[in-house]
Colleague: 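Quick one: structure below, then a few questions.
Only this structure's heavy atoms are used, side chains among them; waters, hydrogens and symmetry mates stay out. Reminder, nothing fancy here: chain letters follow the sequence lines and each chain counts from 1.
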Protein chains: 2
Amino acid sequence: MNTPGKASLPVIKRLPKYYRYLRTLKNDGITSISSRELAAQMGTTASQVRQDFNCIGDVNGRQGIGYSVENLLSILEHLLFGNGDLLPTILIGCGRLGKAVSRFITTDTNGYKLIAAFDNAPDEVGKEINGIQILHIDELEAFCAEHHPEVAVLCLPRSGAEEISGRLVALGIQGFWNFSHYDLSVSYPDVVVENVHLGDSLMSLGYRLRNQD
Amino acid sequence: MNTPGKASLPVIKRLPKYYRYLRTLKNDGITSISSRELAAQMGTTASQVRQDFNCIGDVNGRQGIGYSVENLLSILEHLLFGNGDLLPTILIGCGRLGKAVSRFITTDTNGYKLIAAFDNAPDEVGKEINGIQILHIDELEAFCAEHHPEVAVLCLPRSGAEEISGRLVALGIQGFWNFSHYDLSVSYPDVVVENVHLGDSLMSLGYRLRNQD
DNA sequence: TAGATTGTTAATCGATTAACAATC
DNA sequence: TAGATTGTTAATCGATTAACAATC
């Protein structure tokens, strides 16, 4: 029997990848897979797969056979999406990036529901984005008091994020998907932040390209 | 004197963050900073700052004083952007995400130069994106033979990325900034890949939110 | 000088990999 | 049964943190 410990952040980051692979396996009609084979397909090691599966619950692997794809999927689905309730989410900043990113939020396999979008540009307010009317940022407090969103997606320049994030934390937002270059996890260590710094990501790629063997 | 070793990936990933912080410091007229103070502002430890600086070259820290902001910046700039030559880059996929992301490529502080964009949708071909005409994906080989791009940015669905990436590798592309859910680093372990999986990122955020203490 | 801070080595911590008995 | 594969413990590897002599 498995003795699941709390999954560490590196493990958590790998769960969506397992989830995606297992979905394609199920799609291909494969019902069972060994850690060795899964590792080969994902570019990792069998050991790591088994260690990871140990953390996530009762995976019911069978010696000599492997793991049930169906069972793994249902465990991962529960961990990643809970009981199926979507996390009510608001988007702050409806520029080019905000518009692009809003499509990812709304995708039904991510577990989020976009319930509002805000901008400070008068010519954006009132327009639609993914079927939702863009509100003026001044209406943030009133909206949150009524609808209690749990997640905020920040698609703002750094200065805007600095200004707004305090208001969002005060309003009880639990989680941030942050595309700004303002490091929320430093200022608010108690909230859950996923920082997606596109500029930083490009810069590290550049470093590795310029300093290849 | 420093004895710089090769920077590890975790170190490399922190370099852009140092770079950004030091830029704001310089902007504020601050010429010197200690590891302790920098660490406090960045949410890390003084030890880590000093260890990181040990890897990146001759930082010339002065006991009792700290580091020269100017000197650190010039070292980081050289590491991140080389001698200033921009990396010739092509964009594959000009949908919503591609359009949003193209703005980040072109930003002059990232070290890249967007020289072409490709799509397979006939109604996108010929349009402009950031001052560049969108070409049909069929022209990829001819264009690369003539202009030798070094980096490709993939803003495609998974299936498209699987199909195109082999062609790009064959054409000698060295680096990928990959937004698809196709894991290039598994298929092509010898190229430099920065995988930015927005869906995965959202899913891990969801896991952490749903499994908070 | 005295206080502060570096550069660097050593200690700790955590994550990955290896090994292997249990068993399907 | 024999071969394959798990679950789990131990070993290794690497990254972070702590410590401290050197010295500005």
Colleague: Could you give the distance from CD1 (A/Ile173) to NE2 (A/His148), rounded to the nearest 0.5 Å?
Modeller: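 A/Ile173 atom CD1 to A/His148 atom NE2 measures 11.0 Å (nearest 0.5 Å).
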Colleague: Give a yes or no answer on whether the side chain of B/Thr107 reaches the backbone of B/Thr109 with a donor-acceptor pair at less than 3.5 Å.
Modeller: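 No, the answer is negative, given that no donor and acceptor are paired below the 3.5 Å cut-off.
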Colleague: Just to be sure I follow the notation: if a pair is Watson-Crick (purine N1 to pyrimidine N3 plus N6-O4 or O6-N4) or a G-U wobble (N1-O2 and O6-N3), each under 3.5 Å, what dot-bracket string does DNA chain D give, with | for pairs to another strand?
Modeller: ..||||||||||||||||||||||
Colleague: Using distance alone, with no hydrogens and no angle criterion, decide if A/Tyr67 and A/Asn60 have a side-chain donor and acceptor under 3.5 Å apart.
Modeller: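 No.
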Colleague: Within the 4.0 Å limit for protein heavy atoms, which parts of nucleotides 15-22 of chain D are touched? Write it as a string from 5' to 3', B for base, S for sugar-phosphate only, - for none.
Modeller: SSBBBB-B
Colleague: Is it the case that the side chains of B/Gln41 and B/Tyr21 hold a donor-acceptor pair, with the cut-off being a distance below 3.5 Å and no angle test?
Modeller: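 Not at all, the side chains of B/Tyr21 and B/Gln41 share no donor-acceptor pair under 3.5 Å.
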Colleague: Using a cut-off of less than 4.0 Å, is there contact between a side-chain N or O of B/Ser35 and OP1 or OP2 of C/dT6?
Modeller: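 Indeed, a polar side-chain atom of B/Ser35 lies that close.
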Colleague: Is the phosphate of D/dT5 approached by A/Arg36 (side-chain N or O, under 4.0 Å from OP1 or OP2)?
Modeller: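 For D/dT5, OP1/OP2 do have a side-chain N/O of A/Arg36 under 4.0 Å.
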Colleague: With respect to the phosphate group of D/dG7, does any side-chain polar atom (N or O) of A/Tyr67 fall under 4.0 Å of OP1 or OP2?
Modeller: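 Checking A/Tyr67 against D/dG7: at least one side-chain N or O falls below 4.0 Å of OP1 or OP2.
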Colleague: Go through the side-chain N and O atoms of B/Arg50 and B/Ser35 and say whether any donor and acceptor fall under 3.5 Å apart.
Modeller: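 A pair is found: one side chain offers a donor N or O, the other an acceptor, under 3.5 Å apart.
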Colleague: State whether A/Asn54 places a side-chain N or O below 4.0 Å from either non-bridging phosphate oxygen (OP1 or OP2) of D/dT8.
Modeller: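 So the side-chain polar atoms of A/Asn54 do come within 4.0 Å of the phosphate oxygens OP1 or OP2 of D/dT8, strictly under.
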Colleague: For A/His197 and A/His181, take the angle between the two ring planes, folded into 0 to 90°, and tell me which bin it lands in: parallel under 30, tilted 30 to 60, perpendicular over 60.
Modeller: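 Aromatic pair A/His197/A/His181 classed tilted.
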